[in-house]
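The structure appears below as structure tokens.
Keep in mind the model is a prediction, meaning the values are calculated, not measured. Index from 1, following the sequence.
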Amino acid sequence: MPLSWNEIRSRALAFSSEWGGESSESAEARSFWDGFFNVFGVSRRRVASFEKHVKTIDGRDGYIDLLWKGVLLVEHKSRGKSLVHAHEQALGYFSGLTERDLPRYVLVSDFARFRLYDLDEDAQHEFRLEDLHKNINRFAFIAGYQTHKVQEQDPVNIKAAELMGKLHDKLRDIGYAGHDLEVYLVRLLFCLFAEDTGIFERQQFQGYITDRTAEDGSDLGAQLDTLFYVLNMPANARLANRDESLDAFPFVNGKLFEERLRPASFDRAMRESLLQCCSLDWSRISPAIFGSLFQSIMDKEARRNLGAHYTSEKNILKLINPLFMDDLRVEFEKAKTNKNKLLEFHKKLYGLKFLDPACGCGNFLVIAYRELRLLELEVLRVSKKGTRTFDVHSMISIDVDQFHGMEIEEFPAQIAQVAMWLMDHQMNMLVSQEFGMYFVRIPLKSSANIVHGNALRMDWRDVIPPERLNYIMGNPPFVGRQYRSAEQKAELLACYQHIKNAGIMDYVTAWYCKAVDYIANTDIRCAFVSTNSITQGEQVAPFWSELRSRNKIHIHFAHRTFKWTNEAKGKAAVFCVIIGFGGWEAKVKRLFEYENINAEPYEIKAQNINPYLVNAPDVFVGSRRSPICEVAPMVFGSMPNDSGNLLLSEKEKQELVAKEPNAKKYIRRFLNAEEFLHNKPRYCLWLVNCPPNVLREMPLVCKRVNAVRRHRDESSRGTTRELAKTPTLFGETRQSESAYLVVPGVSSERRYYIPVGFLPPDPIAGNLLYTVPNASLYDFAVITSLIHMAWMRVVCGRLESRYRYSANIVYNNFPWPKDPTSERTADIKAKAQTVLDARAQFPNSTFADLYDPLTMPPVLQKAHQSLDRAVDRAYRKAPFNNEAERVAFLFDLYRQYTAPLLPKEKRLCR
């Protein structure tokens, strides 16, 4: 058990007084360093050796004055000698050490001066012997109190995954697999953490393997089996003639070592792999990624891409801070000047209960526990002021049993529990350092309540009754309808028993339904990370209507769309929102906006946060077949449904015309979003008016038509098979016979404006384009304006992060200006023509070129800005300050236009 800092400080003062004179003889030096280690309550003989022989970089024999393998190298000189030379000499020994024996710290001294180098942090500290008591914190790694600033992308995380992964693969290859292997590795990981974080003595586990097992690994499995048995055995229940090295290990409890497993078998290489794992500093690995690290070990692909398999602490804090930590910190600031209020606040902290109903490996629970313990530490600091006696052991009250979770897979559930213990221990070490009193909870008496089961099929009340719970949080799985398994579909539909279009919902929405039912008539606050699709497009209206029909749910805070950031290469981008909600109106509603998906959030105080995560009234923009205003209809382009047989590339077109010149008359330019935006050449066979005798004279065209017929005949859909009767035609034909306006169905989120343009009737618009036949210049002006783009950005769906425009959602629900004057309309048309004229100045540029934020010509930018102001004035005289203000105005206007008590005739918006 580590000494308290007060005891270490007293010993340091005594040591400085005893060794104030010069020490240069070998025997005196050894006594000096024995005494130095004793200051920190550690036996030098157990951890470090004198005169370690090595070969220096130039091949000569060298002798390290003192070496603690993997931790500390000491080089001492006589009083007054150069410490710079001593440091250079120490570094010269590194080439003679194995990688796992390389130290993190180098200490050089002339017995009067000390200079400590931390090679990991690239830092050095120098002080005199008489000031040792002021610098004992520099040697926390000796005392067993070492803490680190944990970095999510610390290279040791990757190294640890690689080494443990190799050991996992070797055990699996010899047939040690499945349940036993997974539990075995969890135990090994716990032991590796334990010896670097003060649960075990420093290098106790590594020393046991090195000293008590054969180098060929033949008895390692049996020895580890014995160790695991001992770790599950209280000291008073162990055998009287027990091995001293085994007996030195503490009783762990917590059921981690309770189950008896098949003994594993090791060889020389496997033993060496385990020792290499021991050589890492596991205290640098955050318990927050402990579970994800374990998962990466079990999966080679995940191991290569470790960063993609854990949720960053930064993102977790985006949820837990506004859910509860920010309020608790404010409450602490108010209570800390009043002893009684502070006591009541402390009681509140250890009475709080938390639930993550999709906890995985426990990331959210672990970080939430850490933040709560750090706040309790602030409480203890204030409570200690002005008191002569302070028993930290009786004051620490927050414990892991305040946290509950559900996890569908068995071993992530177990890992979550272990990760909570590890974080608890790290926080206990922090408390020990803070107050100079060793505090530890070994053997384990409390544990997080992690239930292995399917949260969507369980009654959450069986995990914890709602009257005992305060907060629900987490990151439930996102699974779109095209990726769901049959079982997941059944689970989702079970949550939406009376909703006809439940199938469009994302899988994550099922957790919202379960949570809303669970928190009815309680003060429980909830927050989930979710796919942004539940706040956009067609899901919004049925999803949020259903939630509010079950319970009067209000959104308390929200993060609008941001990119779920991990550092791994080749990872798939995930675009998320965070939604905090409860069954009552919050006094303060916090909305976190992002300038772009990669930016940092900025907070606004909202009057109301609606289901689109906008500071605007609660309205639902559902799918409509016709516009709410009296405007030209917007329709899909024509869909081939041809398996590609009616479509031609530039090369295919040339080859076909060369062989069948008559086909040229029936080949038309074909445009989908990609071709429209990038001006890519693509063509189609447009055989609408092709006489049968002409068609029969073109065998290559007939071959393609026949292929279309076969494709449609083989379809499982009856409507498609019916189309086989007309194989010369597109499956759906909506081509305008006059000029028309085009809006691409998908466009990059980087563009401030979706490129909108006029086309003559000859090019065929595909089904990834929306068209407005016979559109006017005024139609173009409003659709391309910033206020329409702002509406689109809020209500449209997304394809990944790209805008997915929709006639039924975006266009048909858009509130156009009400009854604009002829003068206003004329001004808008003039400004719209200016936009078209600006484009015409760059005939060789594509829409993608013109509307790329980096390459958009200034003249085009100015033309759009002038048009935006003109369209804004058609809505109101006062200018809009930002896009959020435009959207809030539009939602209010939408509510007016669609109010059921108003006349049903459409508003004249032209």
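- Under a 3.5 Å cut-off, the side chain of Asn135 and the backbone N or O of Arg138 do not form any donor-acceptor pair.
- For the pair Ile142/Trp68, a side-chain contact is recorded, criterion being any heavy-atom separation below 4.5 Å from C-beta on.
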Review point. Between Leu107 and Trp33, does a side-chain contact (heavy atoms from CB on, under 4.5 Å) hold up when you go through it step by step?
Key: CA-CA 11 Å; Leu107 178 62; Trp33 291 114; 3.7 Å; yes
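- Annotation: side chain of Lys385 is not in contact with side chain of Arg381 (no heavy-atom distance under 4.5 Å).
- Scanning both residues, Leu192 and Met164, for their nearest heavy atoms gives CD1-SD, 3.8 Å.
- In plain terms, the two heavy atoms of Leu171 and Ala264 that are nearest each other are CD2-CB, 4.1 Å.
- The shortest distance between side-chain heavy atoms of Trp282 and Leu422 does not fall below 4.5 Å.
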Review point. Where do Phe205 and Cys277 land on the side-chain contact (heavy atoms from CB on, under 4.5 Å) test, with the steps shown first?
Key: CA-CA 11 Å; Phe205 182 59; Cys277 292; over 6 Å; no
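- With contacts defined as side-chain heavy-atom distances shorter than 4.5 Å, the pair Glu51/Asp65 qualifies.
- A donor-acceptor contact shorter than 3.5 Å is absent between the side chain of Asp120 and the backbone of Arg104.
- Formation of a donor-acceptor pair under 3.5 Å by the Arg238 side chain with backbone atoms of Met233 is found in this model.
- Paired with Phe36 under the rule ring pair (Phe, Tyr, Trp, His ring centres under 6.0 Å), one option of Trp19, Phe111, Phe114 passes, and it is Phe114.
- Not a single donor-acceptor pair under 3.5 Å links the side chain of Thr197 to the backbone N or O of Ser283.
- Note: Leu220 CG to Arg268 CZ = 12.5 Å, rounded to the nearest 0.5 Å.
- In this structure Asp34 satisfies the salt bridge (charged side-chain N to carboxylate O under 4.0 Å, His left out) test together with Arg44, Arg45, sequence neighbours excluded.
- Checked against salt bridge (charged side-chain N to carboxylate O under 4.0 Å, His left out), Lys170 has no partners two or more places apart in sequence or in another chain.
- Between Met427 and Leu374, some side-chain heavy-atom pair lies under the 4.5 Å cut-off.
- Counting heavy atoms from C-beta on, the side chains of Ser397 and His346 come closer than 4.5 Å.
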Determine all donor-acceptor pairs shorter than 3.5 Å in which one atom belongs to a side chain in residues 221-231; sequence neighbours excluded.
from   : atom 1 : to     : atom 2 : distance (Å)
Gln223 : OE1    : Tyr208 : OH     : 2.8
Gln223 : NE2    : Arg212 : O      : 3.4
Asp225 : OD2    : Arg260 : NH2    : 3.4
Thr226 : OG1    : Ala222 : O      : 3.0

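- Atom CG of Leu66 and atom CZ of Arg30 lie 9.5 Å apart (nearest 0.5 Å).
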Check your understanding: Taking it one step at a time, do Arg128 and Asp131 satisfy salt bridge (charged side-chain N to carboxylate O under 4.0 Å, His left out)?
Key -> CA-CA 5 Å; Arg128 298 190 62 79; Asp131 293 326; over 6 Å; no
Practice item. Give the C-alpha distance, both sets of side-chain angles, the deciding distance and a yes or no for side-chain contact (heavy atoms from CB on, under 4.5 Å) between Phe139 and Ile8. Key: CA-CA 11 Å; Phe139 300 95; Ile8 293 172; over 6 Å; no
Review point. Does the salt bridge (charged side-chain N to carboxylate O under 4.0 Å, His left out) test come out yes or no for Lys166 and Asp169, once each step is laid out?
Key: CA-CA 5 Å; Lys166 289 178 182 178; Asp169 294 346; over 6 Å; no
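- Counting all heavy atoms, side chain and backbone alike, Ala448 lies closest to Met420 at CB-CG, 4.0 Å.
- Legend: residues meeting salt bridge (charged side-chain N to carboxylate O under 4.0 Å, His left out) with Glu376, ordered by chain and number and at least two apart, are Arg373.
- The CD atom of Glu378 lies 11.0 Å from the OG atom of Ser383; values are rounded to the nearest 0.5 Å.
- In Asp173, the CG atom is crowded: over 12 heavy atoms of neighbouring residues, nucleotides or ligands sit closer than 6.0 Å.
- Glu259 is linked by a salt bridge (charged side-chain N to carboxylate O under 4.0 Å, His left out) to nothing, counting only residues two or more places apart in sequence or in another chain.
- Scored by the side-chain contact (heavy atoms from CB on, under 4.5 Å) test, Val54 finds Lys52, Ile64, Tyr93, Leu97 as partners (sequence neighbours excluded).
- Under the 3.5 Å distance criterion, the side-chain polar atoms of Gln414 are left unmatched by any main-chain donor or acceptor of Val186.
- Ring pair Phe32/Phe15: centre-to-centre distance below 6.0 Å.
- Rounding to the nearest 0.5 Å places CD of Glu244 at 8.0 Å from CG of Asp247.
- A donor-acceptor pair is defined here as one N or O able to donate and one able to accept, closer than 3.5 Å; such a pair exists between the side chain of Ser273 and the backbone of Ala269.
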Practice item. Could you please spell out the steps behind the side-chain contact (heavy atoms from CB on, under 4.5 Å) verdict for Asp196 and Arg202? Key: CA-CA 6 Å; Asp196 282 338; Arg202 191 66 185 265; 3.5 Å; yes
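- Put simply, the side chain of Arg100 never gets that close to the backbone of Gly70: no donor and acceptor are under 3.5 Å apart.
- Side chain of Glu126 to backbone of Arg115: no donor-acceptor contact under 3.5 angstrom is found.
- In terms of heavy atoms, Ala12 sits closest to His133 at CB-CA, 3.7 Å.
- Here the rule is ring pair (Phe, Tyr, Trp, His ring centres under 6.0 Å) with Tyr369, and of Trp421, Phe403, Tyr350 only Phe403 fits it.
- The main-chain N or O of Gln203 is never found under 3.5 Å from a side-chain atom of Gln206 such that the two would form a donor-acceptor pair.
- With rounding to the nearest 0.5 Å, the separation of CG in Leu83 from CZ in Arg113 is 4.0 Å.
- Shown here for Ser16 and Leu129, the closest heavy-atom pair between the two residues is OG-O, 2.8 Å.
- In summary, Glu371 and Arg329 engage in a salt bridge, as defined by a charged side-chain N under 4.0 Å from a carboxylate O.
- The distance from the CG atom of Leu91 to the CZ atom of Phe94 is 5.5 Å, given to the nearest 0.5 Å.
- A donor-acceptor contact shorter than 3.5 Å links the side chain of Arg11 to the backbone of Asn38.
- With contacts defined as side-chain heavy-atom distances shorter than 4.5 Å, the pair Leu181/His168 qualifies.
- Nearest heavy-atom pair across Asp110 and Gly80 is OD2-N, 3.0 Å.
- Between Lys77 and Gln89, the closest side-chain pair of non-hydrogen atoms falls below 4.5 Å.
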